[in-house]
Amino acid sequence: MLYIEFYDRPAELLAPDLIGKKLVRLQNGRRLAGIITETEAYMGEGDLGSHAHFGKTKRNQVIFEKPGKAYVYFTYGMHWLFNIVSDSVGKAGAVLIRAVFPVEGLEIMAQNRPNLANSKQWLNGPAKLAQAFGLDGRMNGYDLTQPDGELFLEEGISVPTDLVTVGPRVGLGKTPEPWNSIPLRWELGWEQVKELIQNGVK
DNA sequence: CGGCCGATTATCT
DNA sequence: GATAATCGGCCGG
């Protein structure tokens with residue numbers, strides 16, 4: 001598994017390095033896992049797209065805490081979104097996990113998503129993967145670096161950097177420029193993940 | 001396909 | 001009181 005040193009750096013450096021890592025969730029003694037394929041970086045007070053830009057509040061306080069914690073928040077009146085906290089205590093930073101390629105526990109993921117029948121794909125969106133992995137407000141502040149935890153990262157697969165595409169963050173709506181267009185999103189294509197996985201997941 | 005729209009409520013100015 | 005780091009359904013071509 002990955003330890004606190006891995007997470008202890010600015011979000012814009014952590015986010016690209018999360019591509020290819022394996023997200024593991026133990027739920028009722030069963031193991032769910034997927035390869036992270038899309039991430040977005042959110043920084044501190046200067047970043048007008050980040051929840052942290054107003055300073056510390058009740059909702060966002062975990063963003064200022066230890067790197068390697070989960071920041072899980074509720075939005076649009078119905079969705080949970082899962083982030084991993086980056087950077088040292090007192091510095092704000094988090095990485096939104098936007099997509100994961102499923103590799104273990106697919107049946108359980110399907111059970112966790114009751115409306116799967118109406119959904120074409122499962123894990124290619126931040127609210128979808130949070131639901132499939134059973135991540136909600138109860139996991140906010142959870143430490144991914146604690147021993148014997150039920151949520152953590154493993155090494156996963158190694159991804160050549162030239163396969164990862166970069167672009168602006170998604171869904172920021174009214175966020176003013178330049179924060180709307182700065183390339184802070186990293187993505188590995190679905191077909192390319194499949195190929196890399198066939199070469200073996202560590 | 002692509003684009004538009006409604007759902008539904010915690011959070012912040 | 002407005003908005004939101006989204007999703008899925010429904011429409012038209």
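Heavy-atom basis, side chains included; hydrogens, waters and symmetry copies ignored. Lettering follows sequence order; numbering is per chain, from 1.
- No donor-acceptor contact under 3.5 angstrom links the side chains of Asn60(A) and Lys56(A), judged on distance only.
- Remark: Glu150(A) engages Arg25(A) in a salt bridge, criterion side-chain N to carboxylate O under 4.0 Å.
- Between the side chain of Ser50(A) and the backbone N or O of Tyr42(A), no donor-acceptor pair lies under 3.5 Å.
- The CG atom of Leu129(A) sits 16 Å away from the P atom of dA5(C) (whole-angstrom rounding).
- Rounded to whole Å, the distance from NE2 on His79(A) to P on dT6(C) is 9 Å.
- A straight line from CG of Leu123(A) to P of dT6(C) spans 16 Å, rounded to a whole angstrom.
- Ser88(A) and Asp8(A) share a donor-acceptor pair across their side chains, judged by distance under 3.5 Å alone.
- Considering only side-chain N and O atoms, Arg185(A) lies nowhere under 4.0 angstrom from the phosphate OP1 or OP2 of dA5(C).
- The shortest side-chain heavy-atom distance between Ile35(A) and Ile157(A) falls under the 4.5 Å cut-off.
- Between the OH atom of Tyr76(A) and the P atom of dA2(C) there is a distance of 17 Å, given to the nearest Å.
- In the region residues 44-70 of chain A, proximity to DNA chain B at under 4.0 angstrom, judged on heavy atoms, holds for Phe54(A), Thr57(A), Arg59(A).
- Using a 4.0 Å heavy-atom criterion, one finds that Leu96(A) contacts the bases of the nucleic acid, with or without backbone contacts as well.
- dT8(B): no Watson-Crick or G-U partner with both key distances under 3.5 Å is found in any strand.
- Minimum atom distance to the side chain of Lys174(A) is reached by dA4(C), of the listed dA4(C), dA5(C), dA10(B).
- Spacing of P atoms, dT3(C) relative to dC5(B), comes out at 16 Å, to the nearest Å.
- When rounded to the nearest whole Å, the span between CH2 of Trp80(A) and P of dT8(B) equals 17 Å.
- Using modelled atom types and a 3.5 Å distance limit, the side chains of Ser181(A) and Glu177(A) yield a donor-acceptor pair.
- Met78(A) places its CE atom 11 Å from the P atom of dG8(C), with the value rounded to the nearest Å.
- As a whole-Å value, the separation of Asp136(A) CG from dT9(B) C1' is 16 Å.
- Looking at His51(A) and Tyr71(A), their side chains do bring a donor and an acceptor atom within 3.5 Å of each other.
- Across all strands shown, dA5(C) has no partner, as no Watson-Crick or G-U wobble contact with both distances under 3.5 Å is found.
- The distance from atom OH of Tyr73(A) to atom C1' of dA10(B) is 12 Å, rounded to the nearest whole Å.
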